[in-house]
*Asks:* 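Here you go, one structure.
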Amino acid sequence: MSYQLSEYIKLVLKDNDVVWPTTMDGGFRLITKKAGHNILGEGEHPVSEKEMIDGVLNDGLPSRWRSKSNRERKKANHFSVSSPSVNEVYVNVGGVWVQLK
């Protein structure tokens, strides 16, 4: 399975694992409603990387995320900046990681 991780935003979870936004079938996704949140075209929608970052940071929408190191999170999981397991939120600004939360 081939996927890309965004290097512009990352979440540090309460267990200190770091997760990154991931593509699914070639594109990033946003979850816009709970009903059908795992169904593409219902609650989950394909978006560009820029739209995903905007939706995650400005609208608080969940997206799909993967860990680079934790085998348990190699599969794409839903997280948002307000997920209970998220401890810190970082954005890459000109090569510098800035903590938002």
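Quantities reported herein were computed from a predicted structural model and do not represent experimental measurements. Both backbone and side-chain heavy atoms feed into the values below; hydrogens, waters and symmetry mates do not.
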*Asks:* Under the salt bridge (Lys or Arg N to Asp or Glu O under 4.0 Å) definition, can you give me all pairs with a residue in residues 8-20, not counting sequence neighbours?
*Replies:*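 Sorted result for residues 8-20: Asp15-Arg73, Asp17-Arg73.
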
*Asks:* Nearest 0.5 Å please: distance from the CG atom of Leu61 over to the OG1 atom of Thr32.
*Replies:*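 Output value for this atom pair is 7.0 Å.
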
*Asks:* Is it true that Leu11 and Met24 fall in one hydrophobic cluster, defined by side-chain heavy atoms closer than 4.5 Å?
*Replies:*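 Cluster IDs for Leu11 and Met24 differ.
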
*Asks:* Rounded to the nearest 0.5 Å, what's the gap from NE2 on His45 to OG on Ser63? Could you check?
*Replies:*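 These two atoms lie 12.5 Å from each other.
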
*Asks:* To the nearest 0.5 Å, tell me how far Ser6 OG sits from Met52 CE.
*Replies:*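 Going from the OG atom of Ser6 to the CE atom of Met52 covers 4.5 Å.
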
*Asks:* Do Val12 and Leu5 sit in one hydrophobic cluster, given that two such residues count as connected whenever their side-chain heavy atoms are within less than 4.5 Å of each other, even indirectly?
*Replies:*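 Same hydrophobic cluster.
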
*Asks:* With side chain to side chain donor-acceptor pair (under 3.5 Å) as the rule and sequence neighbours excluded, what pairs involving residues 89-101 come up?
*Replies:*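 Qualifying pairs: Glu88-Tyr90, Tyr90-Gln99.
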
*Asks:* Would Asn77 and Val19 satisfy side-chain contact (heavy atoms from CB on, under 4.5 Å), going step by step from the backbone distance to the final call?
*Replies:* CA-CA 9 Å; Asn77 293 294; Val19 292; over 6 Å; no

*Asks:* Should Val89 and Ile53 be regarded as members of a common hydrophobic cluster, given that ILVMFWY residues are connected when their side-chain heavy atoms come within less than 4.5 Å of each other, either directly or indirectly?
*Replies:*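 Yes; Ile53 is reachable from Val89 via cluster members.
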
*Asks:* Pair Ile31, His78 - check side-chain contact (heavy atoms from CB on, under 4.5 Å), show working.
*Replies:* CA-CA 8 Å; Ile31 291 73; His78 293 136; 3.4 Å; yes

*Asks:* Listed by chain and number, what are the salt bridge (Lys or Arg N to Asp or Glu O under 4.0 Å) partners of Glu7, not counting sequence neighbours?
*Replies:*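 Expected list: Lys68.
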
*Asks:* Decide whether Trp20 and Val91 are clustered together by the hydrophobic rule: side chain heavy atoms of Ile, Leu, Val, Met, Phe, Trp, Tyr closer than 4.5 Å, transitively.
*Replies:*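 Each belongs to a different hydrophobic cluster.
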
*Asks:* Flag this pair as yes if the NZ/CZ of Arg64 is under 6.0 angstrom from the six-membered ring centre of Phe28 and inside a 45 degree cone about the axis; otherwise no.
*Replies:*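 No, a cation-pi geometry is absent between Arg64 and Phe28.
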
*Asks:* I'd like to know if the side chain of Thr23 reaches the main chain of Gly26, judged simply by a donor and an acceptor atom lying under 3.5 Å from each other, with no hydrogens or angles considered.
*Replies:*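 It does not hold such a pair.
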
*Asks:* May I have all residue pairs that pass salt bridge (Lys or Arg N to Asp or Glu O under 4.0 Å) and include part of residues 45-55, sequence neighbours excluded?
*Replies:*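 Found none.
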
*Asks:* Among Val56, Val86, Leu13, Thr22, exactly one meets side-chain contact (heavy atoms from CB on, under 4.5 Å) together with Trp65. Which residue is that?
*Replies:*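 Single side-chain contact (heavy atoms from CB on, under 4.5 Å) partner of Trp65 among Val56, Val86, Leu13, Thr22: Val56.
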
*Asks:* Transitively linked via ILVMFWY side-chain contacts under 4.5 Å: Val81 with Leu30?
*Replies:*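 Yes, Val81 and Leu30 fall within the same hydrophobic cluster.
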
*Asks:* For Ser80, enumerate each residue passing the side-chain hydrogen bond (donor to acceptor under 3.5 Å, both in side chains) test, keeping only those at least two apart in sequence or located in another chain.
*Replies:*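 With neighbours one apart ignored, the set is Ser82, Ser83.
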
